[in-house]
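The structure appears right after this line, and notes come after that.
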Amino acid sequence: MTMDPVRPDFIPDPSLSQAEMEALQRDIAEVARFEDDLDVSPAAIASAGDAPDDDQTTLSASTDDTTNPPLVAGVDQAFVDDRAVSAIVVLRNGEVIERVSAVERTEIPYIPGLLSFREGGAILAAFAELEADPDVVLVDGSGRIHFREAGLATHIGITLDVPTVGVAKSLLCGAPEQSLDETYPEGTRIPIAADDSVETCPDGTVIGHALQTRQYDSPNRYINPLIVSPGHRVSASTAADIVEATADGYKLPEPTRVADSYADEAKAAVNNPSE
DNA sequence: GCGACAG
DNA sequence: ATCTTGTCGC
């Protein structure tokens, strides 16, 4: 029971023309669902260290959530020449229960807006090796915050029909409701609204948030917020809730951090076939 | 034409 | 993303 495409017709094909890629993204955006349709509540997601408790403070955690802790996966890529290394880790209660990786040749260069056609193949190859069935997947990059509302997280979510969240380190498009050049305290959420750069939905639609998962106490140093957006089957606010629930003292949520280091490890292995 | 642009 | 030394701060 591995994760294979449920919608083969949406698999990112790097041999398509740019116009065809964009057309495919519009089709994806039409079937993408930026509403909650997942089996877990953010409150039931425990980070490393805090195991589920039975007091009544975790209001939205159901009995089932406590019995079957949600599985949260993180995906990240590293590159070696013309090859992409995709790493996936699956966490339960903040602990890694599975990790897989795959290596695929990159067929096209990085083009803003078409990232899934460069990295998608390696990511899907890695998912085909995964045995766990994650409740939600954190993908490095944008989801709905995309020119055609079909960023990497959305593309992967639709192809595998799994709930996904896009976690990016910078803003691809859209208009923050407040300047992102200021220093904000931890927990700050700034809505990102669609503007003229998002051609598939009405201006003003909230397509994601800038989320300050970490911030320095006082110095003249500051940390930029993460850019979080729905991939598929998750709403903008829940996407932010999930990232906040999986953050554990660092800017990046744990699933993403762990996938990050695993990708580096897998990359080292590609450079050193001996190990 | 110019600017902007996840990883 | 990747190439990289030093440096600031807890």
Side-chain angles (χ1 to χ4, degrees), chain A residues 12 14 18 21-22 25 28-29 32 74-88 101 103-124 126 137-157 164-176 179-181 183 186 192 194-200 207-211 214-232 239 243 249-253 256-257 259-268 270-271:
Chain A
Q18 187 155 327
M21 291 180 182
E22 294 177 359
Q25 292 183 323
I28 286 172
V75 189
D76 188 47
Q77 284 68 246
F79 299 83
V80 181
D81 300 323
D82 65 339
R83 284 168 294 178
V85 181
S86 182
I88 303 175
S101 66
V103 182
E104 293 279 295
R105 293 193 51 161
T106 53
E107 305 295 338
I108 61 172
Y110 164 68
I111 301 172
L114 300 179
L115 185 64
S116 59
F117 294 91
R118 172 176 167 77
E119 309 187 349
I123 295 174
L124 293 177
V137 178
L138 271 44
V139 180
D140 63 310
S142 280
R144 193 182 189 182
I145 295 181
H146 179 273
F147 310 125
R148 292 165 292 279
E149 294 180 283
L152 181 61
T154 301
H155 205 141
I156 295 302
T164 54
V165 171
V167 180
K169 291 184 277 305
S170 60
L171 189 64
L172 173 63
C173 63
S179 170
L180 297 187
D181 296 323
T183 299
E186 282 184 14
I192 305 297
D195 59 9
D196 290 337
S197 67
V198 182
E199 38 198 55
T200 51
I207 54 178
H209 295 85
L211 175 66
R214 193 192 170 191
Q215 188 54 279
Y216 292 131
D217 292 315
S218 57
N220 26 30
R221 297 245 299 169
Y222 63 93
I223 295 175
N224 292 131
L226 278 181
I227 306 298
V228 181
S229 61
H232 180 45
V243 170
Y250 294 89
K251 172 173 174 169
L252 294 175
T256 304
R257 289 188 64 233
D260 215 273
S261 57
Y262 180 40
D264 282 342
E265 195 179 309
K267 171 181 174 172
V270 169
N271 280 319

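On a predicted model such as this, the values are computed, not experimentally measured, just so you know. Numbers restart at 1 for each chain; the letters A, B, ... are given by sequence-line order, proteins then strands.
- Between A/Ser170 and B/dG7, a side-chain N or O to OP1/OP2 separation shorter than 4.0 Å is present.
- Within the 4.0 angstrom heavy-atom criterion, base atoms lie near A/Tyr110.
- The distance between atom NZ of A/Lys169 and atom C1' of C/dT2, rounded to the nearest whole Å, is 13 Å.
- Looking at every heavy atom in both residues, A/Ile223 comes nearest to A/Gln215 through N-OE1, 3.0 Å.
- Computed from coordinates, the A/Leu152 CG to B/dC5 C1' distance equals 15 Å when rounded to whole Å.
- Nearest nucleotide to the A/His146 side chain, out of B/dA6, C/dC8, B/dG7: B/dA6.
- Here A/Tyr216 does not reach the OP1 or OP2 of C/dG9: none of its side-chain N or O atoms lies under 4.0 Å away.
- Nearest heavy-atom pair, A/Ala78 versus A/Ala263, reported as atom, atom and distance to 0.1 Å: CB-O, 3.8 Å.
- A/Val75 has its side chain out of reach of A/Thr164: every pair of non-hydrogen atoms, C-beta onward, lies at least 4.5 Å apart.
- Taking both residues in full, the closest heavy atoms of A/Pro12 and A/Leu124 are given as CD-CD1, 3.8 Å, listed atom of the first, atom of the second, then distance.
- Spacing between atom CD1 of A/Ile156 and atom P of B/dG7 amounts to 15 Å, rounded to whole angstrom units.
- Listed pair A/Lys267 / C/dT2 meets the phosphate criterion, a side-chain N or O lying under 4.0 Å from OP1 or OP2.
- In this structure, A/Asp82 places its CG atom 14 Å from P of C/dT2, rounding to the nearest Å.
- Distance check: A/Gln18 CD to A/Ile108 CD1 gives 8.5 Å after rounding to the nearest 0.5 Å.
- Taking atom CD1 of A/Ile111 as the reference point, atom C1' of C/dA1 lies 15 Å away to the nearest angstrom.
- For the pair A/Leu172 CG and B/dA6 P, the computed distance is 6 Å after rounding to whole Å.
- With distances taken from any side-chain atom of A/Pro112 to the nucleotides C/dT2, B/dC5, C/dC8, the minimum falls on B/dC5.
- Distance CD (A/Gln77) to P (C/dT2): 10 Å, rounded to an integer number of Å.
- Among the atoms of the strands shown, only primed sugar atoms or phosphate atoms (P, OP1, OP2) are found under 4.0 Å from some heavy atom of A/Ala78.
- A/Leu114 comes within contact range of at least one nucleobase, with a heavy-atom separation under 4.0 Å.
- When rounded to the nearest whole Å, the span between CD1 of A/Ile207 and P of B/dA6 equals 14 Å.
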